[in-house]
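Keep in mind it's a predicted model, so treat the numbers as computed, not measured.
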Amino acid sequence: DSPQEIAGKIVFTAKKNGKWFIATEDGTEIGKDKQYDDVDSPQEIAGKIVFRAKKNGKWFIATEDGTEIGKDKQYDNAHSPQDIAGKIVFRAVKNGKRFIATEDGKELGKQYDNVRTPQEIAGKIVFVAERDGKKFIATEDGKELGKQYGYVRTPQEIAGKIVFVAVKDGKWFIATE
């Protein structure tokens, strides 16, 4: 990854003795004691440096304070960490199924064939999900909004409601929760 600025510091991925970690311009090595097989995507979430890390073939989200989110879950992949309401939320894959995971160990919604990047709308974590070739909007409490469509655009908030564009049988719809 290219160097980037996080909290006023230059942050980048680095490798030493065959193991990866995140480094800062002042020489601080984040994750060096963890001996990661791979790291990438350092970013700032809730004032902390957060990044993807891989060890023993499994991915998780790591933070500069040594927290390893999802390591105990044995994810085949963990990616796209982001800040939603001050918490780390990310996409995860386990046994071929995809879902949204949070820093407190919750796996949101059901396990799907695919999920897109989550977002917060009307106080809820929502995301586009796919199962058996049909797409819909899923919420953090497991609800599946609307019918199952062939295409769904990223949802948005309008007047406090989740609103999205969907296509079914060649017809376009505006759908709400």
With hydrophobic residues grouped by side-chain heavy-atom distances under 4.5 Å, do [X] and [Y] end up in a single group?
X	Y	result
Phe136	Leu145	no
Ile174	Val167	yes
Phe164	Val128	yes

I need the [X] [atom1] to [Y] [atom2] distance, nearest 0.5 Å.
X	Y	atom1	atom2	answer
Gln82	Gln43	CD	CD	8.0 Å
Lys143	Glu177	NZ	CD	8.0 Å
Lys54	Trp59	NZ	CH2	5.5 Å
Ile84	Phe127	CD1	CZ	10.0 Å

Between the main-chain N or O of Thr67 and the side-chain N or O of Asp65, is there a donor-acceptor pair closer than 3.5 Å?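 Yes; judged by distance alone, with no hydrogens or angles, the pair exists.
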Is there a donor-acceptor contact under 3.5 Å from the side chain of Asp37 to the main chain of Asn56?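 Checking the backbone N and O of Asn56 against the side chain of Asp37, a donor-acceptor pair under 3.5 Å is found.
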Please list all pairs passing the side-chain hydrogen bond (donor to acceptor under 3.5 Å, both in side chains) test where one or both residues lie in residues 94-104, with sequence neighbours left out.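 Those involving residues 94-104 are Lys97-Asp113, Thr102-Asp104.
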Dump the intermediate steps for side chain to side chain contact (heavy atoms under 4.5 Å, CB included) on Glu130 and Arg116, then the final yes or no. CA-CA 9 Å; Glu130 181 177 345; Arg116 288 195 219 150; over 6 Å; no
What is the minimum heavy-atom distance between [X] and [Y], and which atoms define it?
X	Y	value
Val50	Pro81	CG1-CB, 4.2 Å
Tyr112	Ala138	OH-CB, 3.7 Å
Asp83	Ala46	OD2-N, 3.6 Å
Pro155	Ile162	CB-CG2, 3.9 Å
Trp172	Val165	CE3-CG1, 3.5 Å
Gln119	Thr154	OE1-CG2, 3.0 Å

Can you tell me if CD1 on Ile158 sees more than 12 non-hydrogen neighbours from other groups inside 6.0 Å?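 Enclosed: over 12 neighbouring heavy atoms sit under 6.0 Å from CD1 of Ile158.
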Check the surroundings of atom NZ in Lys87: do more than 12 heavy atoms from other residues, nucleotides or ligands lie under 6.0 Å from it?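 No, NZ of Lys87 has 12 or fewer neighbouring heavy atoms, counting only those of other groups under 6.0 Å.
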Applying salt bridge (charged side-chain N to carboxylate O under 4.0 Å, His left out), can you list everything that pairs with [X], at least two apart in sequence or on another chain?
X	result
Arg52	Asp40
Glu64	none
Glu68	Lys71

Does the side chain of Ile49 come within less than 4.5 Å of Ile30's, by heavy atoms?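 Heavy-atom side-chain distance check passes, below 4.5 Å.
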Ile100 vs Arg91 side-chain heavy atoms within contact, under 4.5 Å: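 Yes, their side chains come closer than 4.5 Å.
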When you look at Ile10 and Glu5, which way does the side chain to side chain contact (heavy atoms under 4.5 Å, CB included) test go after all the steps? CA-CA 5 Å; Ile10 298 172; Glu5 184 271 329; 5.8 Å; no
Sequence neighbours left out, what passes ring-ring contact (aromatic ring centres under 6.0 Å, His included) with Tyr75? Give chain and number order.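 Testing Tyr75 for ring-ring contact (aromatic ring centres under 6.0 Å, His included), a comparison that skips the adjacent residues, returns Phe99.
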Run the ring-ring contact (aromatic ring centres under 6.0 Å, His included) test against Phe60 and tell me which residues pass, sequence neighbours left out.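 Phe60 satisfies ring-ring contact (aromatic ring centres under 6.0 Å, His included) with Tyr36 once adjacent residues are dropped.
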Begin with the C-alpha distance, continue with both residues' side-chain angles, and end with the deciding distance and a verdict on side chain to side chain contact (heavy atoms under 4.5 Å, CB included) for Lys168 and Gln148. CA-CA 8 Å; Lys168 185 171 184 173; Gln148 293 196 355; over 6 Å; no
